[in-house]
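For reference, the structure is listed below as structure tokens.
The analysis underlying the following values was restricted to heavy atoms, covering all of them including side chains, and did not include hydrogens, waters or symmetry mates. All figures in this text were calculated on a predicted structure; none of them were measured in a lab.
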Amino acid sequence: MKKSLLNVVLFPLLLMGCSGDGDTAPPAEPTREAPDYVARAASAITGEFLREAVTRLASDEMMGRAPGTRGDDFTREYLVRRLEAAGCRPAFVDGLMWEQPFSIVGMTTDLPEQWSFLNKAGDEISITRWDEYMGASGVQQPTAGFEGAEVVFVGYGITATEELWDDFKGADLRGKVLLMLNDDPEWDDALFAGRRKLYYGRWTYKYESAARQGAAGAIIIHTTPSAGYPWQVVQNSWSGEQFEVPADDEPRVQLQSWMTKDAARELVSFAGHDLDVLIESARDRAFQPVSLGLTTSIDLAVELRRTDTANVGGILPGSDPELGDEVVIVSAHHDHLGEGEPDASGDRIYNGALDNGVAMAQVLALAEAVARLPELPRRSVLFLFVAAEEQGLLGSKYFASRPTVPPGRIAADINFELGNIWGRTSDVTIFGKGKSTLEDTLIDLAAEQGRYVTEEKTLRAGWYYRSDQFSFARIGVPAIWFKSGTDYIGRTEDWGEVQQARWIERNYHRPNDEVDESWDYSGLVEDAHLAFRLVLAVANAEEMPSWYPGDEFEDERLASLAQLGP
């Protein structure tokens, strides 16, 4: 399969990238002959194009792009105009609509400033909202809460039959508040993929797991290493209005909450336990839930608002009469956090320039490039901007549950998230490396750019399960997210890691995630050129990509292909 993909389009990278001042970088030394028409199409991907698009998408006019707001409307209107101008057709309802609308429920939870816990002697300890805990209602009702609920430490809160792991051991946890670790087992390569975090370690799984136990509430203990981001990200992400799709009859907890590790340590100590001892006990299949001898009550007033948002999509139909009904998806989320808690300067708009303005700009540039080809690829290419990713991948989940073609006819999802605004790199990072044959093609294409492929440095962050490619993977579609790595050309060995870590600490989910004059667009351009080559390779190949044998999503893919029939 790898050869069939690569033989489709082999051409040199045209580094039409811009440095921070907008100058064009010199072209890379070509390694293979390229059709002139492909090179001309690729020339649509420039730093100036990206700069213009992200500046607009991350402007104050877009009001932080929160779902269900005027900023959401403005963003979607802009994306439709750009897709239409590029030559795309509407992607939904048989080519009649640019948008796939869906309803969402906004919930603004009034958390108490102090949350109190009682021990068996009747003594009380309280933790403080914002500094020590954050949370939101887990139910779409005007009120939520519980009274006198027992607090139980449940380790990782995981049930995984394939790992012979069960943290609950049949304990009756109905109506209780579960204290759990924000992680999955990581000390043994034979368990849960070792250091690489799986979905079992994600906060969404934790709340779902607690709800399946009939729990009243769940508390996740936050640490920066286990979450992949500092406490301030929890503060900003879990304040203000939170969105969900309308609830069905699935089990839910009354309260979804986070607690700092220091606060959890103090709480557990108040109950007569040692947090380190409890954590160590959880590192064993024989772990049993531990009642802490604490009870707690909480009453929540919840302001509910039902509104709508939408995924936006434009399609370039495939040119092959047989393969044209198969689709390659190029995706990025269009939402951010809107307006919220002000920073020290008083800025309340969370512009979301790097998260996810640059990614949207790259997808728009790819739409321009593909549309410039004199003959479109054999498979159709769908440029998809999904809504409400920051609220738990809501838009991509909605699309995945109602795709425009059956999942077995979606060849791949190539997702864009965050990006590189510090310059060119010698490496390319694949998040969740080791999953599908998309990587085989990408590795060879990157080599033609003079680049090598690595896995992410922060395996414990579980990045693959945190963006929209995960929604496609869950329905079996081979899905990949990659971007520049940390080996920056002309920089010291650790320079790139320092820049990215500093951005996570200082800018991620903060109002100062804004376009800056110091940005160097050349790395974004280089990544977009690489993605262009990957899109063409997948869209023109005889066969679709596949998961590597034994991958967690392989069975779902085989089932979706079987549903298509012979």
Side-chain angles (χ1 to χ4, degrees), residues 49-67 69 71-72 74-76 78-80 82-83 228-229 233 236-237 243 309-313 329-340 349-367 383-399 413-422 429 431 456 461 463-472 479-484 500 503-504 507-516 519 521 523-525 527-528 531:
F49 182 100
L50 300 179
R51 185 202 311 275
E52 186 275 330
V54 68
T55 299
R56 182 66 182 279
L57 287 162
S59 66
D60 283 356
E61 175 189 349
M62 300 302 187
M63 304 163 60
R65 307 191 306 272
T69 65
D72 184 13
F74 296 156
T75 301
R76 297 187 339 250
Y78 173 79
L79 293 171
V80 168
R82 295 302 297 260
L83 289 170
Y229 43 76
V233 174
N236 292 333
S237 301
F243 292 94
T309 187
N311 299 324
V312 176
I329 295 177
V330 184
S331 59
H333 72 86
H334 66 67
D335 64 301
H336 199 54
L337 302 181
E339 299 184 48
I349 298 177
Y350 290 67
N351 300 82
L354 194 57
D355 182 17
N356 202 34
V358 295
M360 286 188 280
Q362 287 175 304
V363 174
L364 289 173
L366 284 171
F383 302 95
L384 180 66
F385 299 91
V386 293
E389 185 268 356
E390 302 288 4
Q391 306 295 324
L393 316 184
L394 301 187
S396 58
K397 285 181 182 177
Y398 188 85
F399 180 91
D413 171 57
I414 301 168
N415 190 49
F416 283 79
E417 174 75 81
L418 301 174
N420 164 28
I421 43 84
W422 297 283
T429 293
F431 294 88
E456 68 266 35
W463 285 105
Y464 190 81
Y465 306 90
R466 289 170 55 174
S467 192
D468 296 298
Q469 68 281 336
F470 180 48
S471 295
F472 293 99
I480 193 170
W481 168 29
F482 65 90
K483 68 181 186 70
S484 298
Q500 295 183 17
W503 185 85
I504 290 289
N507 303 88
Y508 182 54
H509 284 199
R510 290 194 179 200
N512 61 359
D513 179 11
E514 300 176 307
V515 175
D516 191 274
W519 280 15
Y521 291 79
L524 290 169
V525 172
D527 289 348

**Q.** Test side chain to side chain donor-acceptor pair (under 3.5 Å) applied to Ser331 and Asp468, step by step
**A.** CA-CA 8 Å; Ser331 59; Asp468 296 298; 6.0 Å; no
Nearest heavy atoms of [X] and [Y], plus distance in Å:
| X | Y | result |
| --- | --- | --- |
| Val515 | Ala58 | CG2-CB, 4.2 Å |
| Gly419 | Leu524 | CA-CD2, 3.9 Å |
| Ala353 | Glu514 | CB-C, 3.5 Å |
| Val386 | Gly395 | CB-C, 4.0 Å |
| Phe472 | Ser396 | CE1-CB, 4.4 Å |

Q: Not counting sequence neighbours, which residues clear side chain to side chain contact (heavy atoms under 4.5 Å, CB included) with Ala531? List them please.
A: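 For Ala531, the residues satisfying side chain to side chain contact (heavy atoms under 4.5 Å, CB included) (neighbours in sequence not counted) are Leu366, Phe416, Phe482.
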Q: For Ala528, check side chain to side chain contact (heavy atoms under 4.5 Å, CB included) against everything at least two apart and list the hits.
A: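 Side chain to side chain contact (heavy atoms under 4.5 Å, CB included) list for Ala528, sorted by chain: Ile45, Gln362.
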Looking at [atom1] of [X] and [atom2] of [Y], how far apart are the two atoms once the value is rounded to the nearest 0.5 Å?
| X | Y | atom1 | atom2 | result |
| --- | --- | --- | --- | --- |
| Phe74 | Leu57 | CZ | CG | 13.5 Å |
| Lys397 | Asn311 | NZ | CG | 13.0 Å |
| Asn420 | Trp519 | CG | CH2 | 10.5 Å |
| Phe431 | Ser467 | CZ | OG | 10.0 Å |
| His336 | Thr75 | NE2 | OG1 | 11.5 Å |
| Glu390 | His509 | CD | NE2 | 3.5 Å |

Main-chain N/O of [Y] paired to [X] side chain as donor or acceptor, under 3.5 Å:
| X | Y | value |
| --- | --- | --- |
| Asp335 | Ala388 | yes |
| Arg65 | Gly352 | yes |
| Arg76 | Ala387 | no |
| Asn236 | Arg510 | no |
| Asn351 | Asp513 | no |

Q) Taking C-beta and beyond as the side chain, do Glu456 and Tyr464 meet within less than 4.5 Å on heavy atoms? A)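 A side-chain contact is absent here, since even the closest heavy-atom pair is not under 4.5 Å.
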Q: Side-chain contact test, heavy atoms from C-beta onward, threshold under 4.5 Å: evaluate it for Asp355 versus Glu417 and give yes or no.
A: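 Side chain of Asp355 against side chain of Glu417, heavy atoms only: contact under 4.5 Å found.
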(Q) Once side-chain hydrogen bond (donor to acceptor under 3.5 Å, both in side chains) is applied, do any residues pair with Glu389, and if so which ones, sequence neighbours excluded? (A)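 Expected list: His333.
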**Q.** Ring geometry between Trp463 and Tyr508 (parallel below 30°, tilted from 30 to 60°, perpendicular above 60°)
**A.**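 Geometry flag for Trp463 against Tyr508: perpendicular rings.
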**Q.** Test side chain to side chain contact (heavy atoms under 4.5 Å, CB included) applied to Leu354 and Asn507, step by step
**A.** CA-CA 9 Å; Leu354 194 57; Asn507 303 88; over 6 Å; no
Q) Taking Arg56 as the fixed residue, which of Arg51, Met62, Arg82 is the one that meets the side-chain contact (heavy atoms from CB on, under 4.5 Å) rule? A)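 Result for side-chain contact (heavy atoms from CB on, under 4.5 Å) with Arg56: Met62.
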(Q) Given Leu364, which partner from the list Leu83, Leu50, Val54 fulfils the side-chain contact (heavy atoms from CB on, under 4.5 Å) test? (A)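 That would be Leu83.
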